[in-house]
Structure formats: structure tokens, C-alpha cells
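All remarks here apply to the structure that follows.
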Amino acid sequence: MDELDRSHYTLHSCAHCKGTGTCISGPDGASCMVCAKRNELKKGPYHGLACGTCGGLGKTDTMTYRMTHRTQPILSISLVFGSIGLILLFGFAGSPYFHEVLTFCTTLLGSVIGYYFSKNTKQS
């Protein structure tokens, strides 16, 4: 099993719970309402709830890391479904431009699929 590359992915101490994993951000050391909602609790002051930001781990990743690693897959999925939708729309409408749309969309789909499936799993 490969080790986790520390320069690529680092966990930082959670600022919400101060690295303890237990929320004490509410009044009088109680858990805040956001963490109570994340733990699916309704009313009342609760003490000792797991932090809703880090999930009780005490460590969390940065927003930049999450955005960087979620944007590409979301964009790719939307391109794939958008292309398939365009092909179906122009195909069922009987458009004279169907062949051009089909060529464009299949090239786009080939590029997206080639990008994701051509990566090497082992990096030396």
C-alpha cells in the first residue's frame, strides 16, 4: 500500500473544535446549533457532540484542496451528460446539424474519458 503524499494532502487542526473533535463553541461550553443540526438533533443545549466541521476527527482539510479535487469531476460529469443530452435533442428533433453536433460531442466525450482512464495508477 502506498504512503500518503504529505505535500499533496495535509490535514490541519480544526479551528471550530480547536483540534479536540468535540464541539464546545456554544454558550457555556455547550455544542453549537450547527453541530447539533449536523448530528440531527432538534432542541436543547447539548454537551459533547462530535464537531460538525471535521466529523469528530479534530483535523480537517482545507477548502482549497476540496474545491480543487471536486471541480474537475463535477465539470466532467456535467460535460458528459450535457453532450448526451445534446445528441438526444438534435437526434430526436431531426435537425440537419445532427452530424456536426454528434462529431463535436463524441470528440468531447472521448477527450474526457481519455483523460480519466489514461492516468497511471502507479507513479514512480
Side-chain angles (χ1 to χ4, degrees):
M1 199 167 171
D2 295 333
E3 279 189 41
L4 187 64
D5 183 14
R6 297 284 180 204
S7 65
H8 186 260
Y9 183 79
T10 51
L11 292 174
H12 301 282
S13 182
C14 179
H16 182 76
C17 65
K18 298 174 183 63
T20 61
T22 305
C23 178
I24 53 170
S25 300
D28 299 326
S31 298
C32 68
M33 295 301 293
V34 175
C35 291
K37 179 109 173 132
R38 290 257 173 118
N39 286 292
E40 299 177 0
L41 300 171
K42 302 262 184 213
K43 287 184 175 182
Y46 296 102
H47 294 275
L49 291 180
C51 176
T53 304
C54 64
L57 296 175
K59 296 194 175 286
T60 185
D61 52 356
T62 60
M63 181 63 82
T64 305
Y65 179 84
R66 286 182 282 189
M67 291 301 293
T68 301
H69 290 85
R70 289 180 187 168
T71 304
Q72 286 180 346
I74 290 172
L75 182 63
S76 299
I77 289 170
S78 63
L79 280 174
V80 167
F81 285 118
S83 296
I84 292 172
L86 275 175
I87 291 170
L88 291 174
L89 177 73
F90 277 80
F92 286 128
S95 174
Y97 301 109
F98 174 71
H99 297 292
E100 286 84 2
V101 171
L102 183 64
T103 305
F104 172 73
C105 289
T106 53
T107 305
L108 185 65
L109 288 174
S111 300
V112 170
I113 292 170
Y115 174 78
Y116 278 104
F117 288 105
S118 68
K119 286 186 177 181
N120 289 337
T121 56
K122 294 182 181 181
Q123 294 177 353
S124 317

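In this chain, residues are counted from 1 in sequence order. This structure is a prediction, so every number in the text was calculated from the model and none was measured.
Taking a 4.5 Å side-chain heavy-atom cut-off between Ile, Leu, Val, Met, Phe, Trp and Tyr, the cluster of V34 contains only that residue.
Residue pairs meeting the side-chain hydrogen bond (donor to acceptor under 3.5 Å, both in side chains) criterion with at least one member in residues 74-86, sequence neighbours excluded, are S76-Y116.
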Donor-acceptor list for residues 85-93 side chains, cut-off 3.5 Å, not counting sequence neighbours:
none

Please table the atom pairs, donor to acceptor, closer than 3.5 Å between any side-chain atom in residues 102-114 and protein atoms at least two apart or in another chain.
{"residue": "T103", "atom": "OG1", "partner": "H99", "partner atom": "O", "Å": "2.8"}
{"residue": "T106", "atom": "OG1", "partner": "L102", "partner atom": "O", "Å": "2.8"}
{"residue": "T106", "atom": "OG1", "partner": "T103", "partner atom": "O", "Å": "3.1"}
{"residue": "T107", "atom": "OG1", "partner": "T103", "partner atom": "O", "Å": "2.8"}
{"residue": "S111", "atom": "OG", "partner": "T107", "partner atom": "O", "Å": "3.0"}

side-chain contact (heavy atoms from CB on, under 4.5 Å) between S25 and C35, intermediate numbers included: CA-CA 9 Å; S25 300; C35 291; over 6 Å; no

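Considering only residues two or more places apart in sequence or on other chains, T22 meets the side-chain contact (heavy atoms from CB on, under 4.5 Å) condition with T20. With sequence neighbours left out, the side-chain contact (heavy atoms from CB on, under 4.5 Å) criterion links E100 to Y97.
With a 4.5 Å cut-off on side-chain heavy atoms, C54 and C17 count as touching.
Between atom CZ of residue R38 and atom SG of residue C32 there is a gap of 9.5 Å, rounded to the nearest 0.5 Å. With rounding to the nearest 0.5 angstrom, the CG atom of L49 is 14.0 Å from the NZ atom of K37.
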